[in-house]
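Step one of this worksheet: look at the structure below.
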There are 2 protein chains.
Amino acid sequence: MLAQSGYSQSTHGRPALGPTRRPPPVTAHSLDGTIEMIGASMVFPRNAEIFGESEPAEYLYKVVSGAVRTYKILSDGRRQIGGFYLAGEVFGLENGDEHSLSAEAVSETRVLVVKRSALFALAERDSEIARQMWALTSHELHRLQNHVLALVKTAKERVVGFLLEMAKRAPSGNRVELPMSRQDIADYLGLTIETVSRTLTQLESTAAIALPNARCFELRDRGALGRLRG
Amino acid sequence: MLAQSGYSQSTHGRPALGPTRRPPPVTAHSLDGTIEMIGASMVFPRNAEIFGESEPAEYLYKVVSGAVRTYKILSDGRRQIGGFYLAGEVFGLENGDEHSLSAEAVSETRVLVVKRSALFALAERDSEIARQMWALTSHELHRLQNHVLALVKTAKERVVGFLLEMAKRAPSGNRVELPMSRQDIADYLGLTIETVSRTLTQLESTAAIALPNARCFELRDRGALGRLRG
DNA sequence: CGACCATTTGATATGGATCAAGCGATGTGG
DNA sequence: CCACATCGCTTGATCCATATCAAATGGTCG
């Protein structure tokens with residue numbers, strides 16, 4: 001059970017960490033363990049900004065509950081979502097000094113926050129920690145490589161790929177809750193909200209999935225979906 | 001002047017490194033310096049495979065001259081190019097044990113090759129080297145974030161973005177040599193060869209660029225191009 | 001209940017793909 | 001040295017997937 005801290009809706013919102021701070025660092029040789037140990041708990045309400053593009057990357061974040069989206073805004077106002085982060089996933093780690101994307105809470109979201117400088121100090125002495133920070137970045141890189149691949153596929157392939165990816169990450173059998181809106185999905189896949197909606201309807205009509213309501217889906221025919229994945 | 005090694009066209013082709021090996025490692029606290037010092041020189045002919053997707057990632061490479069493309073093949077045979085690497089740039093670094101893309105020489109290409117295990121051993125003791133390996137991956141990540149962004153833009157914006165990117169990397173005034181074919185550019189930008197060609201022609205007709213021949217271009221109106229970048 | 005917002009559904013427009021020639025370099029054999 | 005084959009690129013005509021514009025539906029909250 002985690003200690004509870006107040007909301008932070010403030011714009012540049014570097015949180016006041018006082019009350020929720022954990023015991024001093026212990027060399028656990030595990031980045032994840034370190035975050036759990038020294039991370040400060042924070043809650044962001046739905047749509048609150050967690051950090052902004054080109055802000056100093058002072059913290060690293062791990063999602064405890066809820067969901068986060070990272071994104072960039074194009075000059076013409078279009079928004080490209082870089083990724084979604086669900087419970088247990090880490091985001092906001094930068095090698096350089098600035099965030100390269102903005103981050104927002106998709107729904108009310110609890111995160112653990114760790115100062116980057118603390119991790120750097122740790123990595124200096126513990127090459128295993130350094131390796132795990134690199135591994136995180138490397139994992140993001142591979143995810144992005146697959147995202148690039150997805151963006152050159154057809155609308156149906158993108159949507160199916162998204163559903164299968166979500167199903168794999170939220171391991172609750174065949175029923176999957178979607179924390180994000182259709183607009184979020186569209187901006188992630190580089191499609192319009194109408195195309196996402198139509199594609200989902202079409203997948204439902206072929207009995208590949210079921211859509212009990214707009215914020216969840218059920219996998220009904222993994223074989224068919226696999227074939228449609230591209 | 002670098003020692004010359006034989007060609008390697010072999011498929012899995014882990015090169016015989018004997019004759020071109022350099023003196024033993026010195027702690028330079030610089031990844032780049034280390035590559036220059038202990039890297040073995042190799043030449044790959046045009047279109048030769050350097051490594052394949054899901055092969056063991058045993059080496060890291062730095063381009064001395066020529067150019068390299070990394071790519072994935074989709075199930076339907078389409079090829080997505082992940083990136084181009086020009087003289088001075090490093091590719092093939094993996095945190096995990098397998099390459100996540102294939103790599104080929106675009107034109108005849110000379111590279112320096114370093115065993116990953118050697119770098120890992122170095123990084124174990126020298127956190128600066130570890131940091132620089134992470135920085136390389138992080139740089140790739142940022143490049144890919146921009147690539148994702150590019151792939152949701154219009155054809156003209158993608159092509160203009162590509163030209164400006166190439167011009168920035170090959171710093172030879174306004175005239176830029178293109179080592180890669182139209183097909184390579186198309187597969188990088190997620191367009192067809194016809195669309196790339198038409199877009200270039202159109203840019204030439206508006207005097208934004210000049211196309212002396214198919215393998216080079218000149219920037220004629222950076223202002224206009226900047227506005228078209230998106 | 002009523003206002004609001006997200007989603008779905010429908011009708012039409014369009015950017016880029018596809019299909020199909022034509023053209024210009026580069027190289028090869030006579 | 002020239003005729004010709006080849007290959008990569010350009011240009012043209014048409015098609016189609018997805019965007020855009022518009023309206024209807026449904027779910028949520030005061």
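Chain letters run A, B, ... following the sequence lines, proteins first, then strands; residues in each count from 1.
The separation between A:Arg182 atom CZ and C:dA6 atom P is 13 Å, rounded to whole Å. When the C1' atom of C:dA25 is taken as reference, atom CZ of B:Arg215 falls 12 Å away, rounded to whole Å. In this structure, A:Leu211 places its CG atom 7 Å from P of C:dT8, rounding to the nearest Å. Taking atom CZ of residue A:Phe217 and atom P of nucleotide C:dT7, one finds them 15 Å apart after rounding to whole Å.
No donor-acceptor pair closer than 3.5 Å links the side chain of B:Glu53 to the backbone N or O of B:Lys72.
Residue B:Tyr71 forms a side chain to side chain donor-acceptor pair (under 3.5 Å) with just one option from B:Glu104, B:Arg79, B:Gln80, and that option is B:Glu104. For the side-chain contact (heavy atoms from CB on, under 4.5 Å) test with B:Gln145, the passing option among A:Thr70, A:Val148, A:Leu101 is A:Leu101; the others fail.
Five base pairs at each end of the helix from C:dC1-D:dG30 to C:dG30-D:dC1 define two local axes, and these are offset by 30° (rounded to 10°).
Side-chain atoms of A:Ser102 and A:Glu49 form no donor-acceptor pair, as typed in the model, at a separation below 3.5 Å. Side-chain contact check for B:Asn47 and B:Arg69: at least one donor-acceptor pair (N or O, by modelled atom type) lies under 3.5 Å.
Scanning DNA chain D 5' to 3' for nucleotides with an atom closer than 4.0 angstrom to a non-hydrogen atom of chain B gives a first and last hit of D:dC9 to D:dA13.
Note on B:Arg175 versus B:Glu177: salt bridge recorded, some NZ/NE/NH1/NH2 to OD/OE distance being below 4.0 Å.
Applying the ring pair (Phe, Tyr, Trp, His ring centres under 6.0 Å) test to pairs two or more places apart or on separate chains, none has a residue in residues 210-230 of chain A. Residue pairs meeting the ring pair (Phe, Tyr, Trp, His ring centres under 6.0 Å) criterion with at least one partner in residues 167-212 of chain A, sequence neighbours excluded, are A:Phe84-A:Tyr188, A:His147-A:Tyr188, A:Phe162-A:Tyr188.
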Output one line per pair: protein atom, nucleotide atom from nucleotides 14-18 of chain C, and distance, for all N/O pairs under 3.5 Å.
| unit_1 | atom_1 | unit_2 | atom_2 | d |
| --- | --- | --- | --- | --- |
| C:dG16 | OP1 | B:Ala155 | N | 2.7 |
| C:dA17 | OP1 | B:Thr192 | N | 3.4 |
| C:dA17 | OP2 | B:Thr192 | N | 3.4 |
| C:dA17 | OP2 | B:Thr192 | OG1 | 2.9 |
| C:dA17 | OP2 | B:Thr195 | OG1 | 2.3 |
| C:dT18 | O4 | B:Arg198 | NH2 | 2.9 |

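In this structure, B:Tyr85 has its ring center no closer than 6.0 Å to that of B:Tyr61.
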Expected list for residues 189-198 of chain A: side-chain donor-acceptor pairs under 3.5 angstrom, two or more places apart:
| unit_1 | atom_1 | unit_2 | atom_2 | d |
| --- | --- | --- | --- | --- |
| A:Thr192 | OG1 | A:Thr195 | N | 3.3 |
| A:Thr192 | OG1 | A:Thr195 | OG1 | 3.1 |

